[in-house]
2 protein chains.
Amino acid sequence: MARTGTEELRRRNRAALVEQLHRHGPQTRAELTEALGLNRSTIGALAADLAESGHLHETTGRSTGSAGRPSTLVECVPKAATVTAVEIRADRVRFALVGLGGEVLERAETALDGADPVEAVEVVTGGTARDALESVAAVPGLVDAGVVAHSTELGWAGRDLAADLESATGRTWQVVDTATAAAVGEWSRGDAHESVKLLYLHGGRGLTAGLVADGRAQRGGSIQLGHIVVQPGGRECACGLRGCLEAEMEVFGYAEDIEHATLAAGMGDAAARDGLRRSGEDLGRALGAVVTATGPDEILFGGWLRELYLSAAAPVRSALAETTLPHLRSRLRLRTPVLGDEGALIGAAETGFAAVIDGMR
Amino acid sequence: MARTGTEELRRRNRAALVEQLHRHGPQTRAELTEALGLNRSTIGALAADLAESGHLHETTGRSTGSAGRPSTLVECVPKAATVTAVEIRADRVRFALVGLGGEVLERAETALDGADPVEAVEVVTGGTARDALESVAAVPGLVDAGVVAHSTELGWAGRDLAADLESATGRTWQVVDTATAAAVGEWSRGDAHESVKLLYLHGGRGLTAGLVADGRAQRGGSIQLGHIVVQPGGRECACGLRGCLEAEMEVFGYAEDIEHATLAAGMGDAAARDGLRRSGEDLGRALGAVVTATGPDEILFGGWLRELYLSAAAPVRSALAETTLPHLRSRLRLRTPVLGDEGALIGAAETGFAAVIDGMR
DNA sequence: ATCATATGTTGCAGTCAACAACAAATCTCG
DNA sequence: CGAGATTTGTTGTTGACTGCAACATATGAT
């Protein structure tokens with residue numbers, strides 16, 4: 001458990017300092033002293049250490065406006081530690097090289113047109129991304145120890161993506177599911193920092209969800225929202241079950257569909273409006289089960305579920321109200337993500353940085 | 001975060017040693033050296049510390065059978081740190097005073113006959129339990145920060161049990177839900193130690209479930225299994241919703257009922273057999289949603305759900321198979337608890353010890 | 001009986017963080 | 001405009017802890 005001696009202590013404190021700066025941005029040494037509960041002299045020594053190794057940069061003399069000697073500002077050097085983040089969808093692969101502190105240093109996107117995503121990842125991460133300390137891929141589906149057990153969107157079952165990516169790029173990869181990554185992203189870089197338990201719903205060609213509790217994703221935390229059975233014995237689903245949410249929802253599957261439906265509904269198309277309502281109800285019912293089972297205090301509607309939620313909030317809420325206990329419902333906030341389409345990519349990078357910082361301890 | 005200096009390090013190591021002994025029982029100093037990764041001399045110093053303070057007892061010279069100087073055996077002194085555990089049910093209150101290392105030092109049980117459980121707790125914990133370092137109460141229901149938000153069994157909603165117990169006994173209390181406590185118990189003192197995610201189902205006068213991931217209960221981890229809606233718009237439930245599992249299950253509610261039903265079914269009563277089957281299916285369907293949302297690798301059927309599972313395993317399994325993805329199902333083990341009725345009490349005590357050991361750091 | 005083996009014990013050295021005194025840089029008030 | 005107040009960085013010292021190595025101890029094997 002607790003490894004060894006005093007140098008372990010030093011490493012821990014150094015890592016804590018880096019983590020603090022990475023998460024909360026540039027701070028003065030005085031603020032760091034307060035935040036970490038360490039002595040001024042200790043902070044000084046740690047900062048000197050990390051400035052020497054190139055992780056930190058110190059800017060002297062920033063006037064605070066109040067009395068006293070101005071404190072030196074400490075900030076991360078982005079290039080000192082970088083992480084490769086990749087988000088895989090059915091139609092495209094997105095890439096970002098993120099530096100310590102959260103700055104995006106590079107960005108790229110490739111359309112797939114039916115090609116294997118792994119090849120695209122190999123191409124897009126061939127440059128400076130080679131220097132990255134960690135590489136993380138976000139995939140919409142059920143992920144278990146690097147293996148994509150099930151993905152409606154990609155049509156994979158039991159694919160060892162971590163191994164495939166490793167043999168293609170020559171580096172090790174962490175694989176997370178898109179929804180959990182987005183939840184991590186919204187928690188760490190979005191507007192959900194006070195959230196104790198954050199449930200992120202991701203609408204792609206399948207429906208998945210991810211849970212973050214106290215800022216940490218839990219092992220096996222990816223939720224196949226689309227395969228919650230809302231209609232026992234209902235329509236056959238591609239997964240082999242019957243009555244899955246994905247199979248039962250009327251308005252479903254592609255961003256274009258939902259746009260179409262909302263446009264039509266806006267123009268007074270009763271059938272479209274009805275379809276949206278029923279879809280919202282289906283979603284709300286499935287959510288009821290997930291909320292009862294996991295007890296979140298915040299739900300974010302991401303991907304095309306954002307549009308569905310915005311145009312069918314009432315049926316979602318009422319179906320949810322019919323299937324969850326008042327206490328669970330009362331503390332629940334429903335809203336849309338602030339990072340838009342970027343959440344999963346940012347969250348994947350944060351997952352990588354968590355590993356980097358853990359590795360410093 | 002990381003508090004201060006080298007004495008913090010000492011405290012951490014001391015706590016790690018106590019935790020190791022508490023969880024894995026008496027061990028030799030050589031084994032402790034291996035397990036904690038510390039130096040022999042350090043283990044010696046820590047053990048001397050803790051022997052002085054009365055937490056540990058060292059037994060000299062146990063012959064191992066192999067060559068070399070025999071290692072001294074180190075074990076916890078149960079009375080050195082005790083925890084009060086209480087399990088509250090509708091009809092009775094059970095109490096145990098548990099010592100460091102897990103030994104049960106005292107035990108008591110009181111029938112309620114309609115009296116307020118808090119009074120019973122006050123009476124039963126009036127003796128040596130006063131010296132306990134922590135007091136934990138397990139309650140069947142939805143618990144949030146000491147407040148019982150909802151309990152079908154006790155008929156409570158929004159009762160601040162922690163405050164009530166504190167004013168009755170003059171000590172602070174931690175409140176956990178029975179199912180989560182039982183899950184902790186089965187994980188730490190039962191047979192589920194390898195389980196990554198353990199889901200414990202508790203059948204009392206209501207149905208609750210608890211989840212333990214990597215041995216830790218998560219904040220707000222109690223699941224109101226009985227209020228998973230299995231039949232939208234179905235029978236009215238006491239909670240105000242419609243179609244809850246609790247309301248829909250045919251054989252339900254009391255240990256006597258399930259005994260009656262299994263007896264009748266065993267004697268060839270077709271109606272009873274049918275009722276059991278349908279109840280198993282209802283349970284399986286509700287479980288499907290919970291499994292999809294939480295992804296456990298082990299499910300334990302506790303309380304009277306044990307009997308239901310033993311006599312209706314096939315319908316439970318088939319309904320579960322119809323509502324969960326193959327991958328989630330394949331790694332899932334279903335079984336009954338090994339601690340029987342004691343799980344919640346033992347788990348409550350373990351929850352207390354976790355706090356005690358954390359407090360040593 | 002002697003040697004090999006495994007473990008506890010003791011003294012020493014290295015490292016680290018806290019503390020206190022001092023230096024530096026800014027603000028405020030007269 | 002200048003002296004004191006205020007806040008922060010710096011330096012040298014101190015206390016504490018763990019690791020290491022040598023030694024002591026207790027057992028089994030030959």
Side-chain angles (χ1 to χ4, degrees), chain A residues 1-18 20-21 26-53 56-75 360-361, chain B residues 1-18 20-21 26-53 56-75 360-361:
Chain A
M1 268 177 216
R3 204 78 54 78
T4 52
T6 58
E7 62 182 308
E8 179 81 12
L9 189 52
R10 175 65 143 213
R11 277 211 297 277
R12 241 207 284 279
N13 285 340
R14 210 165 22 210
L17 195 147
V18 172
Q20 176 75 14
L21 285 175
Q27 283 165 80
T28 66
R29 277 172 43 173
E31 288 167 340
L32 290 170
T33 302
E34 171 77 12
L36 298 184
L38 295 169
N39 193 279
R40 284 196 299 220
S41 48
T42 308
I43 295 290
L46 291 171
D49 250 34
L50 288 161
E52 175 113 17
S53 67
L56 262 49
H57 178 72
E58 293 195 318
T59 318
T60 56
R62 192 187 61 164
S63 179
T64 55
S66 67
R69 173 176 177 172
S71 190
T72 49
L73 190 71
V74 186
E75 55 192 332
M360 294 178 64
R361 293 189 219 269
Chain B
M1 243 131 269
R3 205 77 54 79
T4 51
T6 57
E7 64 182 319
E8 179 80 13
L9 188 52
R10 173 69 142 212
R11 276 211 298 277
R12 243 207 280 280
N13 286 339
R14 206 163 28 206
L17 195 149
V18 172
Q20 176 76 14
L21 285 175
Q27 282 165 79
T28 66
R29 279 176 37 176
E31 286 166 342
L32 290 170
T33 302
E34 171 77 11
L36 299 184
L38 294 169
N39 193 280
R40 285 196 299 221
S41 49
T42 309
I43 294 290
L46 291 171
D49 250 36
L50 288 162
E52 175 113 19
S53 67
L56 261 50
H57 178 72
E58 293 195 317
T59 318
T60 54
R62 191 187 62 163
S63 178
T64 55
S66 67
R69 175 177 175 172
S71 190
T72 49
L73 191 70
V74 185
E75 55 192 332
M360 293 178 65
R361 295 188 215 270

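Remember, it's a predicted structure, so these values are computed and weren't measured experimentally. Just so it is clear: chains get the letters A, B, ... in the order the sequence lines come, proteins before strands, and each one is counted from 1.
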| message | I need the minimum non-hydrogen distance between B/Gly44 and B/Arg29, along with the two atoms involved. | response | CA-NH2, 3.5 Å
| task | Could you check how far CG of B/Leu73 sits from C1' of C/dG8, rounded to whole Å? | result | 14 Å
| said: Walk along nucleotides 3-14 of chain D from 5' to 3' and tag each nucleotide B, S or - by protein heavy-atom contact under 4.0 Å, base first, then sugar-phosphate. | reply: ---BBBBSB---
| message | Under the side-chain contact (heavy atoms from CB on, under 4.5 Å) test against A/Leu50, which residue among A/Leu21, A/Val74, A/Val18 passes? | response | A/Val18
| task | May I ask you to evaluate whether B/Asn13 reaches the phosphate of D/dT18, defined as a side-chain N or O under 4.0 Å from OP1 or OP2? | result | yes
| task | State whether A/Arg11 and A/Glu8 are salt-bridged, where the test is any N-O pair (Lys NZ or Arg NE/NH1/NH2 against Asp/Glu carboxylate O) under 4.0 Å. | result | yes
| query | Starting at CG of B/Leu17 and ending at C1' of D/dT18, how long is that distance when rounded to a whole Å? | reply | 15 Å
| Gap between atoms CD1 and P, on B/Ile43 and C/dT10 respectively (whole Å) | 16 Å
| query | Are B/Leu46 and B/Leu32 close enough that some pair of their side-chain heavy atoms sits under 4.5 Å apart? | reply | no
| message | Taking CD in B/Glu58 as the centre, count heavy atoms belonging to other residues, nucleotides or ligands within less than 6.0 Å. Is the count above 12? | response | yes
| message | What is the distance, to the nearest angstrom, from the CD atom on B/Glu8 to the C1' atom on D/dG15? | response | 16 Å
| request: Can you tell me the distance, in whole Å, between the CG atom of B/Leu9 and the C1' atom of D/dA16? | output: 10 Å
| query | Do you know which two heavy atoms are closest between B/Thr28 and B/Leu73, and how far apart they sit? | reply | N-CD1, 3.8 Å
| request: List for me each residue that meets side chain to side chain donor-acceptor pair (under 3.5 Å) alongside B/Ser41, sequence neighbours excluded, and say none if there are none. | output: B/Asn39
| message | How many whole angstroms separate atom CZ of B/Arg10 from atom P of C/dC16? | response | 19 Å
| Divergence of helical axes at both termini of the helix from C/dA1-D/dT30 to C/dG30-D/dC1 - five pairs an end, 10° steps | 10°
| So, do A/Asn13 and A/Leu36 sit near enough that their side-chain heavy atoms are less than 4.5 Å apart? | no
| query | Between B/Met360 and B/Ala15, which heavy-atom pair has the shortest distance, and what is it? | reply | CB-CB, 4.0 Å
| field | Rounded distance (Å) that lies between atom C1' of C/dA17 and atom CG of A/Leu46 | value | 9 Å
